[in-house]
Amino acid sequence: MLTEAQVKQFDQDGFLKGDVVLSNEEVEVLRSELQDVMDGKKVNKPVLNHNMADAGSLYDNMKMTVSERVVQIVNIWMASDVFFKHASNPRICEEIAQLSRTDTVRIWHDQVQYKPPVSGGPTGWHQDHPLWPIIQPADLVSAWVALDDAVIENGCMWMVPGSHKWGNHQKYLASDKNFMPFHKQPDLLQKDAVVKAVPFEIKKGQVGYHHCMTWHGSPHNRSELHRRAIAVHYMPGHTKYEPSSNHVMLDYVNVKAGEILQGEHFPVVYTTKPAIEMI
Ligand SMILES: O=C(O)CCC(=O)C(=O)O
């Protein structure tokens with residue numbers, strides 16, 4: 001459970017470091033399970049399992065060189081019970097409910113980004129919600145848990161404090177070819193907005209939360225260290241399916257436009273509602 005001060009800090013910055021929520025043993029189990037999924041050893045498959053440098057990545061404003069790699073796996077929970085258990089972690093889900101001010105939390109989708117030692121590529125600056133053009137409103141919160149210490153050297157995420165309040169600047173972010181500094185202030189940004197990125201270093205087993213409109217990204221991993229992490233993007237109970245463009249999860253949607261996005265591929269992982277109301 002987060003304190004009131006932590007929730008206030010999240011509201012102000014658009015991101016927050018939580019506690020270490022996984023033991024070393026739990027991290028080991030997730031690492032081994034991740035390796036099995038990457039090696040294609042699981043019977044059930046995730047929605048995506050590819051190198052972001054190949055195929056049109058959502059974050060391809062920073063082109064990777066041929067030798068660079070970011071292994072992106074979407075919905076590893078569908079391939080692995082251990083990752084589903086992780087996505088249902090009671091502490092994380094309760095804290096997500098607090099930050100989202102909701103009584104019900106569903107999985108939108110999850111995402112591993114693994115930056116291997118030395119050859120790990122960058123994830124360009126972006127905002128999440130503009131890249132999710134089939135859901136509204138823009139008030140989702142993600143829980144990013146490190147499976148290795150994520151530090152500046154191995155390509156931890158960077159965040160821009162307060163940027164979740166500035167609206168949709170994805171076009172501007174996608175045009176930025178350098179990881180840092182930003183090349184210019186976007187035209188539409190309010191004049192008093194201070195665009196200053198800060199590193200978001202997360203310890204192995206620790207959780208970091210970010211709002212779906214917060215500007216964020218992560219540079220190369222040129223170190224000898226692995227950089228493995230599992231992000232789960234959670235929907236509050238009121239998130240609706242409102243398609244305006246395509247998305248990799250579209251094939252799994254079984255509700256009509258304007259309806260709450262629910263169903264077996266968007267499971268409830270937290271609720272304070274009586275069971276009868278969830279049927
Ligand atoms: O893992 C990363 O470096 C980026 C992840 C990300 O963009 C996200 O979880 O929204």
Side-chain angles (χ1 to χ4, degrees), residues 10 13-18 30 34 38 46-48 50-53 57-62 64 68-77 83 86-87 92 96 99-100 107-117 119-133 135 138-160 163-164 169-170 173-174 176 179-180 197-204 206-223 225-235 247-249:
F10 178 85
D13 292 340
F15 57 91
L16 178 81
K17 286 187 195 181
L30 288 168
L34 169 59
M38 286 195 292
V47 168
L48 272 183
H50 68 164
N51 177 6
M52 292 205 315
S57 159
L58 291 174
Y59 315 101
D60 63 1
N61 43 330
M62 295 180 62
M64 285 188 236
E68 285 179 329
R69 242 170 17 117
V70 177
V71 178
Q72 184 189 38
I73 300 174
V74 170
N75 269 15
I76 194 167
W77 74 260
F83 272 96
H86 170 75
I92 294 176
I96 287 283
L99 296 174
S100 314
I107 300 175
W108 160 224
H109 66 78
D110 69 25
Q111 169 171 205
V112 166
Q113 285 198 18
Y114 165 44
K115 296 179 195 267
S119 62
T123 306
W125 285 108
H126 65 280
Q127 293 172 291
D128 291 331
H129 187 262
L131 303 178
W132 298 338
I135 52 171
D139 60 358
L140 285 76
V141 179
S142 300
W144 193 100
V145 175
L147 300 179
D148 297 287
D149 286 341
V151 291
I152 292 176
E153 292 73 35
N154 67 354
C156 72
M157 284 203 288
W158 288 67
M159 301 277 164
V160 177
S163 54
H164 62 307
H169 290 284
Q170 180 56 30
L173 295 173
D176 200 297
F179 189 73
M180 249 172 333
V198 296
F200 195 50
E201 292 190 318
I202 301 286
K203 291 195 198 83
K204 184 179 83 169
Q206 187 182 12
V207 59
Y209 296 109
H210 65 272
H211 188 278
C212 66
M213 292 300 282
T214 304
W215 299 15
H216 62 288
S218 50
H220 307 82
N221 177 14
R222 300 240 159 90
S223 76
L225 309 166
H226 293 272
R227 205 229 67 174
R228 288 163 286 197
I230 170 71
V232 183
H233 310 300
Y234 291 101
M235 299 187 277
H247 188 271
V248 69
M249 289 307 295

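Whatever order the structure lists ligands and atoms in, that order sets their numbers, starting from 1.
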Checklist line | Closest non-hydrogen atom pair between S218 and G155, with its separation | finding: CB-O, 3.5 Å

Notebook entry, point to check: Is the number of heavy atoms from other residues, nucleotides or ligands within 6.0 Å of NZ (K17) greater than 12?
Noted result: yes

Check: Against heavy atoms of H126, which atoms of ligand 1 measure under 4.0 Å?
Finding: 7 (O)

Next item on the list: Ignoring angles and geometry beyond distance, decide whether W144 reaches within less than 3.5 Å of ligand 1 through its nitrogen or oxygen atoms.
Entry: yes

Notebook entry, point to check: What atoms in ligand 1 come closer than 4.0 Å to a heavy atom of A231?
Noted result: 9 (O)

Check: In ligand 1, which numbered atoms sit nearer than 4.0 Å to a non-hydrogen atom of S218?
Finding: 2 (C), 3 (O)

Next item on the list: Mark up the atoms of ligand 1 that fall under 4.0 Å of a heavy atom belonging to Q113, in ascending order.
Entry: 1 (O), 2 (C), 3 (O), 4 (C), 5 (C)

Checklist line | For H233, the ligand 1 atoms whose distance to one of its heavy atoms is below 4.0 Å | finding: 8 (C), 9 (O), 10 (O)

Note to self: Show me which atoms of ligand 1 lie under 4.0 Å from any heavy atom of D128.
What the structure shows: 10 (O)

Next item on the list: May I ask you to list the atoms of ligand 1 that are less than 4.0 angstrom from any heavy atom of H210?
Entry: 8 (C), 9 (O), 10 (O)

Next item on the list: Classify the contact between R227 and ligand 1 as side chain, backbone, both or neither, using a heavy-atom distance cut-off of under 4.0 Å.
Entry: side chain

Notebook entry, point to check: Is H216 close to ligand 1, meaning an N/O of one under 3.5 Å from an N/O of the other?
Noted result: yes

Note to self: Please verify the inter-ring angle class for H210 with H233; under 30° counts as parallel, over 60° as perpendicular, anything in between as tilted.
What the structure shows: perpendicular

